[in-house]
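Have a look at the structure below before the remarks.
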Amino acid sequence: MAWGKAQLFDPLAKTIGGVRAELSEKKSGASWPWFTGFHKWSAGTLKKLLAKCNRSYNESFMKATNIIANNHRGPHPGVLAIVYTLLFNAGLYQVVSFTGGPHFPGPWASAEAITTYFQTYPKTVLICAFLQFGAAIPLGIFTATMVSRLQFLGVRAAGAYIALFGGLMTAFNMVATAFVLWVMAYPGIAQDPAVLRALYYLGFSFGGVGFSVPLGLLIAGVCVPAAFFKLLPKWLVAFGLALALIGELSVLSLVIPQALFLIPLTRFPGFIWLIAAGFALPRTVASVDTAK
């Protein structure tokens, strides 16, 4: 009897087992080859797309990082030099006449001529002082930017710090000149000839050799390391060194009045050099390596 029952349930067990196996096969997708193939293709495509996006993102990030690392960040020194030149000459235009009219008296002028000018044209002197003060600001920023860029490009020599000293001293002396002019244009000061003459020669010393000598240091401090590291064209280095020498020799005007012409000979060509050097000095390390 027991054997008969086993024979009866054996086919049933086989049927149930077959159905279970079939369901399991359908669930796993073995009987749906098109679904399995699509699943594998979509999964592979998605992985490739994600890998490509990730690689592209990493490359973009590294490229942006390298650009930031290789570029010197800061204001453009060439633009600063142009702003400085425009402000300085705008102030100079107020007190210089190109038609033979009233103009700022030179140190060789008589005491009467100096006094008369400042008594007659105080507003003109005041505008000149305002613009001269304004011109000192971009010159100081130009100096700091050029020194920072030299260090960024690998200059570790003393020349960069000499340039910093010269440029900042030039800017400070310009500010001192502007303040002295402001005092001279103040109501009542021009009516005292003795005080006015003392202020005049003090202002002329700040704006004369006090300008040309430190400007020569600024130019030389940039040119010498730039020549060794090949950061500037040779003609610009030679031009700058010539200007620096003239600027240093202008100190002779303190004891030799005939040497006064060395001051404007440093000042006006100096505008050209500052602008040219500001645009010529490389901004990226890569451009320096390529040039070498």
Side-chain angles (χ1 to χ4, degrees), residues 80-81 83-144 165-218 247 250-257 259-268 270-271 274:
L80 290 170
V83 174
Y84 154 70
T85 301
L86 292 176
L87 288 174
F88 188 95
N89 285 283
L92 198 62
Y93 178 79
Q94 303 299 319
V95 295
V96 174
S97 174
F98 297 98
T99 58
H103 58 275
F104 198 89
W108 54 84
S110 64
E112 182 181 358
I114 296 174
T115 304
T116 301
Y117 180 83
F118 284 94
Q119 288 177 348
T120 308
Y121 305 101
K123 290 184 179 180
T124 302
V125 175
L126 190 62
I127 296 174
C128 176
F130 172 75
L131 293 171
Q132 292 291 301
F133 177 83
I137 306 303
L139 179 62
I141 299 174
F142 169 89
T143 301
F165 168 75
L168 293 182
M169 184 177 179
T170 306
F172 291 153
N173 285 348
M174 287 180 62
V175 171
T177 304
F179 286 162
V180 170
L181 288 175
W182 179 81
V183 173
M184 294 171 71
Y186 202 80
I189 299 297
Q191 276 64 41
D192 190 335
V195 174
L196 183 67
R197 288 191 66 195
L199 290 173
Y200 171 82
Y201 288 113
L202 179 63
F204 187 84
S205 62
F206 277 127
V209 294
F211 178 93
S212 57
V213 172
L215 182 65
L217 293 177
L218 165 63
S250 68
V251 72
L252 295 174
S253 62
L254 292 175
V255 292
I256 305 176
L260 279 172
F261 74 95
L262 295 174
I263 296 173
L265 196 59
T266 305
R267 186 192 309 274
F268 295 104
F271 296 139
L274 292 175

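On a predicted model such as this, the values are computed, not experimentally measured, just so you know.
- When side chains are defined from C-beta on, F142 does not count as touching V83, because their heavy atoms never get closer than 4.5 Å.
- Distance alone, capped at 3.5 Å, is enough to place a donor-acceptor pair between the Q119 side chain and the A190 backbone.
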Could you list the donor-acceptor pairs under 3.5 angstrom formed between side-chain atoms of residues 173-184 and any protein atom two or more places apart in sequence or on another chain?
unit_1 : atom_1 : unit_2 : atom_2 : d
N173   : ND2    : G210   : O      : 2.5
T177   : OG1    : N173   : O      : 2.8
T177   : OG1    : G207   : N      : 3.1

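- Between the Y200 side chain and the P105 main chain, a donor and an acceptor come within less than 3.5 Å of each other.
- Not a single donor-acceptor pair under 3.5 Å links the side chain of T115 to the backbone N or O of E112.
- With sequence neighbours excluded, no residue forms a side-chain contact (heavy atoms from CB on, under 4.5 Å) with A144.
- For the pair L218 and T143, the minimum side-chain heavy-atom distance is below 4.5 Å.
- Other residues, nucleotides and ligands contribute more than 12 heavy atoms inside 6.0 Å of the CZ atom of F268.
- The neighbour count for F271 CZ, taken as heavy atoms of other residues, nucleotides or ligands under 6.0 Å away, is above 12.
- Note that CD1 of I114 is 6.0 Å distant from CZ of R197, once rounded to the nearest 0.5 Å.
- Checked against a 6.0 Å centroid threshold, the rings of F211 and F204 do not count as neighbours.
- Aromatic rings from F104 and Y121 are positioned such that their centres are separated by 6.0 Å or more.
- S212 is linked by a side-chain hydrogen bond (donor to acceptor under 3.5 Å, both in side chains) to S250, counting only residues two or more places apart in sequence or in another chain.
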